[in-house]
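Everything below concerns the one structure shown next.
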Protein chains: 4
Amino acid sequence: MLNRIVLIGRLTKDPELRYTPNGVAVATFTLAVDRMRKSAQGERETDFINIVVWQKQAENVANYLSKGKLAAVDGRLQIRSYDDKDGQRRWMTEVVAETVRFLSPKDSGGSGPTDFIGAEMEHSDDDLPF
Amino acid sequence: MLNRIVLIGRLTKDPELRYTPNGVAVATFTLAVDRMRKSAQGERETDFINIVVWQKQAENVANYLSKGKLAAVDGRLQIRSYDDKDGQRRWMTEVVAETVRFLSPKDSGGSGPTDFIGAEMEHSDDDLPF
Amino acid sequence: MLNRIVLIGRLTKDPELRYTPNGVAVATFTLAVDRMRKSAQGERETDFINIVVWQKQAENVANYLSKGKLAAVDGRLQIRSYDDKDGQRRWMTEVVAETVRFLSPKDSGGSGPTDFIGAEMEHSDDDLPF
Amino acid sequence: MLNRIVLIGRLTKDPELRYTPNGVAVATFTLAVDRMRKSAQGERETDFINIVVWQKQAENVANYLSKGKLAAVDGRLQIRSYDDKDGQRRWMTEVVAETVRFLSPKDSGGSGPTDFIGAEMEHSDDDLPF
DNA sequence: TTTT
DNA sequence: TTTT
């Protein structure tokens, strides 16, 4: 009924860009998200979370994000089941991004992307009736 | 750069439905959101938060929500400034809902709304290329 | 660096309550969270998401939640790796709840739990210095 | 019943640090959070949102954040009413931060803060019973 | 101006 | 392994 997740972390690798049979862009990457508390042994712990982005955003991600860059993702958690090569049912978890924000400073001297991408929320309040 | 809020609470009154000059539906209502901790004097405390919803959702809200009903709102926090009648600058805070979910059980015997409304997130994963 | 998720859905079964070797309560359950958009074939789709809760909350969940009840969970997404019986590395995904709210109306005639449980946020503002 | 907000933006000024009568640290600052869509006239729009942080975090914020720095805030929306000098009831809105993350790169050559601060979530899963 |  |  409601499913909303926000993550901030760093890309473990460059994003991968593909296209569906009907030509829709999809980018995937993994975010390393450090936990706030350390393990019992005092090591830092990290969740590695797979992200999927669609369409224009997928292309922006592929163009402007790369390994090690800091990013924020706002989306929903999705769990897909599939059967592996041995016919075993497996589950895969991923976050379907609604918006991705680039948080690493633009490379100085770079051509400079706009500093955000994402689906627009609905409406202007320019002429509210109240 | 990123602005995301999720609230669950009860409507303090029936929602109000209006239309912009160009015919776009807008509904407004207030959610009473109880805080988890009580005040120093042991009283329960509550935040009263104004919500704005647009378009089709505005009409659904007007049709299916009413005073006392439980609802979840997912949106963004917005602060608008305006000048009051004395020419003083004031600020008003409201949450612009992206989705509103109805959490009170449908009235038994009622004709029964669908149990949710809201903007759709972007994409199907029916034919992922991986 | 930041990892925050909010879910609303229904329990697929009664929660399970266990204790760690050192006596800390842990409850687990699965939330069925309907997606907003239907599949290409027009079926409703659902994510089944595993939830873990600790301590006092675990016991409240075990006492007051049961199969089919509506609940909201606020927490963080965690991915643990483990090796299955064939020595294969597997991942399991779960949401570690910080708070769980009970959204189904209390059974009429029931003894009535308090209608929420959860970790408290930090501070009162009773004597702010401004 | 549930109230959760996540913001990313830049500090409009250096944070202010104060202490309650009983010696508890409180820091306040304002985050400039750009909206994703531009106004009808094509200008970028921004929400200026007041943030409050308590205790150890307040001191960290005062030490490591300053005007222009990028930060993420995770907390709850709070609305307090007060009476102004003319005896008029006014409302003020602020976000009570549970965690604040520093997103600007540490100044090269600086002494280097830890790169996050915040309340810890509850439990380790080092000895889960399952 | 406030809800169960 | 799944809920209304």
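These numbers come from a predicted model, not from an experiment. Order of the sequence lines sets the chain letters (A, B, ...), proteins ahead of strands, with each chain counted from 1.
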Legend entry - Side chain of T46(C) (C-beta onward), nearest among dT3(F), dT3(E), dT2(F): dT3(F)
Inset, instruction - Mind calculating the distance between CG (L11(C)) and C1' (dT2(F)) to the nearest angstrom? - result: 11 Å
Legend entry - Integer-rounded Å distance: dT4(F) C1' and F48(C) CZ: 11 Å
Legend entry - Separation of dT3(E) P from L2(D) CG (nearest whole Å): 21 Å
Legend entry - Shortest side-chain distance from R10(C), nucleotide among dT2(F), dT1(F), dT4(F): dT4(F)
Legend entry - I49(C) CD1 - dT1(F) P separation (whole Å): 17 Å
Inset, instruction - Starting from P on dT4(F), measure out to CG on L103(C) and report it in whole angstrom. - result: 15 Å
Inset, instruction - Looking only at side-chain atoms of R44(C), point me to the closest of dT3(E), dT4(F), dT1(F). - result: dT4(F)
Inset, instruction - Report the distance from atom CG of D47(C) to atom P of dT1(F), rounded to the nearest whole Å. - result: 15 Å
Inset, instruction - Could you check how far CG of D34(C) sits from C1' of dT2(F), rounded to whole Å? - result: 12 Å
Inset, instruction - Compare the minimum distances between each of dT4(F), dT2(F), dT3(E) and the side chain of T30(C), then state the nucleotide with the smallest one. - result: dT2(F)
Inset, instruction - List the steps, then state whether salt bridge (Lys or Arg N to Asp or Glu O under 4.0 Å) holds for E94(B) with R80(B). - result: CA-CA 8 Å; E94(B) 59 205 354; R80(B) 288 191 287 146; 2.7 Å; yes
Legend entry - Donor-acceptor side-chain pairing of D34(C) and T46(C) below 3.5 angstrom: yes
Legend entry - Counterpart residues, side-chain hydrogen bond (donor to acceptor under 3.5 Å, both in side chains), relative to T12(C) (two or more places apart): none
Inset, instruction - Return the value, rounded to whole Å, for the distance between atom CZ of F102(B) and atom C1' of dT4(F). - result: 16 Å
Legend entry - Touch class at under 4.0 angstrom, heavy-atom based, for K69(C) against every strand present: nothing
Inset, instruction - Find out whether R4(A) and E98(A) are in side-chain contact, i.e. whether some heavy atom of one side chain is under 4.5 Å from a heavy atom of the other. - result: yes
Inset, instruction - Would you indicate what K67(C) reaches in the nucleic acid, counting non-hydrogen atoms under 4.0 angstrom: base, sugar-phosphate, or nothing? - result: sugar-phosphate
Inset, instruction - Using salt bridge (Lys or Arg N to Asp or Glu O under 4.0 Å) as the criterion, list what pairs up with D86(C), not counting sequence neighbours. - result: none
